[in-house]
Number of protein chains: 2
Amino acid sequence: MGKITARDVARAFGISKTTISFIVNGKSAEKGISPVLTEKVLGYMKEHGYRPNHFAKSLSTGKSMTIGLMVEKISDYFFSQLVYHLEELANRHGYQIIFCSTENNGARTRELIRLFRNQGVDGFIITPPEGIQAEIRSLQDDQLPFVLFDRYLPGIDADHVVLDNLESTRHAVQYLVERGARHIGYVELDSEQSQMRDRKAGYLQALGAIAGNPRIMRVPFNNGHDDTVTKIAAFIKHNPELDALFFATNYLAMSGMKAMFGLGIRIPQDMAVVSFDDHIVFDTYLPTITAVAQPIAVMAENLFGILISKIKQGPGQPPTRCVIPARLVIRDSTGPPV
Amino acid sequence: MGKITARDVARAFGISKTTISFIVNGKSAEKGISPVLTEKVLGYMKEHGYRPNHFAKSLSTGKSMTIGLMVEKISDYFFSQLVYHLEELANRHGYQIIFCSTENNGARTRELIRLFRNQGVDGFIITPPEGIQAEIRSLQDDQLPFVLFDRYLPGIDADHVVLDNLESTRHAVQYLVERGARHIGYVELDSEQSQMRDRKAGYLQALGAIAGNPRIMRVPFNNGHDDTVTKIAAFIKHNPELDALFFATNYLAMSGMKAMFGLGIRIPQDMAVVSFDDHIVFDTYLPTITAVAQPIAVMAENLFGILISKIKQGPGQPPTRCVIPARLVIRDSTGPPV
DNA sequence: CTGAAAGCGCTTACAG
DNA sequence: CTGAAAGCGCTTACAG
């Protein structure tokens, strides 16, 4: 029905708004309001569809019960899965999520952080692009709760949840070595972000152990599928000795698969393949693809848990740095298991 | 840094909050406030980081500048793409998005609609599950702007944006017929929602034209990948005459591909394949898959456009029913083009 | 051109 | 056990 306010129900019972407020917020017992009255008021509200005005409430409490989520791109498989888990956690704790995609664009992200601050979110979860150190510091100065995700920022000491990119990549590349690969190529994004740097470091470390020669190809960020296919095909042709390929993201691997199909390369006979970031299709098409799987549900839980405790406990807590191990899911693209 | 309010700014200049409010909202000219003052005040605000309190503003205007988005599942490829486009449109128009996944669950959706109403969203975009007619009617009664998406609801006359499911499926199946298929199976979700009903109707219609025998298999909603693979394999074995398969969703097609790979069926030689809902992997793996592509960007634009005009123009407008044609993207799984 | 004042609908010391 | 009152920070007739 129309809007009915706390004052209306107060009038209906001939009592004050204060009492109504206490009842709505479940403080009847604490404030010594009789159970009978409480029941009656609650019943009346239900019947008349009373909804507390969210803005009024937030205005007086200063809490919005919403958290601002900034992912790189909501339509990306990995991020959309993460968001799905976060949503569930948020709802369970009575929070709403407002979100946006940063597009990995510093200027855009700065603007978005400003917007979210205006909106009065209670906390932030941020996948930070490069170059937003100043905004992050400003969040810290203003003691706004936030946690960084997927990558960390040089020079910033803040709560974050990231995968153990280095070790999980090192381990995967080492697995390729154990399976007999000697000339392992590495296809990555043209990015200096921590997650990409760490994955590459893992690759180089595993290669170093066998005194192997790095062969690295970089694909421009946001490059189109078709062009990426072309570029990877060229890379493979220029490095005919390659017997294995590690892809730093799942979309790169998909482009890479297409490139190899086009070249008539057989997987895993001619080329072993591992991709970072699992994807449902890696378990579907032929051959199935070995992948480094990020435990998305676990990451979401840590992210949310850290944020909530920051919101609840207030400032002054030392930052939590959460580094999560990945799992190597072995499939056909690396040949029969050792 | 801390909070600085309109009153602080007013005091700093020895003028009233009213004037400040006009300046902030760009009404200087209209209200005849001198450009000099306006500039000085704006400069001061920028320097001191003034942010209007969003709750106070919404409380007095009754507008929140946020729209509530309810999709079936944010992690689904199709919906995450849609959300990505909607986000861009919303931001461009100064709106924020709060979202949730309905999981196609009526009870959950009812609760979520209640939450969003409490939050005071200015409008809704809803992918409706079955059984929420009452809530939709209540939105209509309360004259809250909303538009339905992806499917419509029996008995509800409301704004909606849906794909032309029947015609696009009919056309795709007819294409299979033209390519020589005679025994065309149909794999769909166990759902009575309009989009599924219409797709099936399109299949039956195309089949009717050649007096073909329908062979339909239904997969339970939310069934696991592996079990779906098993079920589809069984379906194929029980219908050895099948020479083509139409999948009503892309995830079904992925499971179906795996099933066929497992059975050693060659595509398209032994079996032609078409899937509803394009997906990047359909253009990647071998063979590439012919698909009915939903023009997601176009759908998002229509959705948002209709919603905004409802928000702006107020109640009393007749509902807009927008039915969008799909595009058949022909690839290798249907053999060489006719 | 500008300001005093009321109002949006809550919460929460404070007083009894 | 309960209420009057102030306050949260805006907007917007209304008056001059």
Side-chain angles (χ1 to χ4, degrees), chain A residues 1-42 44-45 48-66 94 115 117-122, chain B residues 2-42 44-45 48-66 94 117-122:
Chain A
M1 304 291 97
K3 321 261 92 162
I4 120 160
T5 74
R7 195 219 275 169
D8 297 328
V9 349
R11 265 211 274 258
F13 285 86
I15 59 181
S16 84
K17 289 189 318 181
T18 307
T19 308
I20 300 301
S21 175
F22 289 155
I23 293 176
V24 179
N25 293 301
K27 297 188 185 161
S28 284
E30 174 188 335
K31 298 293 180 179
I33 294 163
S34 81
V36 183
L37 214 212
T38 302
E39 281 317 306
K40 274 202 278 197
V41 170
L42 257 17
Y44 182 91
M45 288 175 168
H48 292 261
Y50 169 71
R51 313 168 202 283
N53 182 299
H54 179 253
F55 307 124
K57 181 163 187 160
S58 293
L59 181 56
S60 56
T61 61
K63 304 274 96 190
S64 64
M65 296 307 284
T66 102
L115 264 173
R117 292 185 66 152
N118 283 6
Q119 287 270 44
V121 301
D122 291 342
Chain B
K3 322 261 95 163
I4 121 161
T5 74
R7 194 219 275 171
D8 298 328
V9 182
R11 264 212 274 258
F13 285 86
I15 59 181
S16 85
K17 289 188 319 182
T18 306
T19 309
I20 301 300
S21 175
F22 289 155
I23 293 177
V24 179
N25 293 301
K27 297 188 183 159
S28 283
E30 174 188 336
K31 298 293 180 179
I33 295 164
S34 81
V36 183
L37 213 213
T38 302
E39 280 316 308
K40 274 203 279 198
V41 170
L42 256 18
Y44 182 92
M45 287 174 168
H48 292 261
Y50 168 71
R51 314 169 201 284
N53 182 299
H54 178 254
F55 307 124
K57 181 162 187 162
S58 293
L59 180 57
S60 54
T61 61
K63 303 275 95 191
S64 64
M65 296 307 284
T66 101
R117 293 185 66 154
N118 282 6
Q119 286 271 44
V121 301
D122 292 341

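Every value quoted in this text rests on a predicted model; they were computed, and no experiment measured them. Chain naming here is simple, since letters A, B, ... match the order of the sequence lines and numbering starts at 1 in each.
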Participant: Could you list by number each residue of residues 21-31 of chain A showing a heavy-atom separation from DNA chain D of less than 4.0 Å, or answer none if no residue does?
Facilitator: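 Contacting residues: A:Lys31.
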Participant: Hey, where does DNA chain D pair up into stems, meaning at least three consecutive Watson-Crick or G-U pairs with distances under 3.5 Å?
Facilitator: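 The stems that DNA chain D takes part in, listed by first number, are C:1-3 with D:14-16, C:5-12 with D:5-12, C:14-16 with D:1-3.
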Participant: Going through the distances and angles, do B:Val41 and B:Ile20 end up as a side chain to side chain contact (heavy atoms under 4.5 Å, CB included)?
Facilitator: CA-CA 8 Å; B:Val41 170; B:Ile20 301 300; 4.0 Å; yes
Participant: Counting any heavy atom closer than 4.0 Å, what does A:Gly14 reach on the DNA or RNA strands: base, sugar-phosphate only, or nothing?
Facilitator: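 Sugar-phosphate only.
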Participant: Give me the atom names and distance for the closest heavy-atom approach of A:His48 to A:Ile4.
Facilitator: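 Minimum heavy-atom contact is O-CG2, 3.5 Å.
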Participant: Reading DNA chain D from 5' to 3', where do the contacts with chain B start and stop? Cut-off is 4.0 Å to heavy atoms.
Facilitator: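 On DNA chain D, the outermost contacted nucleotides are D:dG9 to D:dA13.
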Participant: Return the 5'-most residue of the pair A:Ile20, B:Ile15 with respect to DNA chain C, ranking by each residue's nearest nucleotide.
Facilitator: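 Final value for this comparison: B:Ile15.
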Participant: Expressed as a whole number of Å, how far does the P atom of C:dC1 sit from that of D:dT12?
Facilitator: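 To the nearest whole Å, 22 Å.
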Participant: Which residue lies toward the 5' end of DNA chain D, B:Phe55 or B:Thr19, if each is placed at its nearest nucleotide?
Facilitator: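 Its nucleotide being nearer the 5' end, the pick is B:Phe55.
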Participant: Got a sec, which residues hit ring-ring contact (aromatic ring centres under 6.0 Å, His included) with B:Phe13, two or more places apart in sequence or on another chain?
Facilitator: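 Here the qualifying residues are B:Tyr44.
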Participant: What pairs of donor and acceptor atoms, side-chain ones from residues 33-40 of chain A against any protein atom, are under 3.5 angstrom apart with sequence neighbours left out?
Facilitator:
{"residue": "A:Ser34", "atom": "OG", "partner": "A:Leu37", "partner atom": "N", "Å": "3.1"}
{"residue": "A:Thr38", "atom": "OG1", "partner": "A:Ser28", "partner atom": "OG", "Å": "3.0"}
{"residue": "A:Thr38", "atom": "OG1", "partner": "A:Ser34", "partner atom": "O", "Å": "2.9"}

Participant: Taking side-chain contact (heavy atoms from CB on, under 4.5 Å) as the test, write out the residues that go with A:Met65, two or more places apart.
Facilitator: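 By the side-chain contact (heavy atoms from CB on, under 4.5 Å) rule, A:Met65 matches A:Tyr95, A:Asp122.
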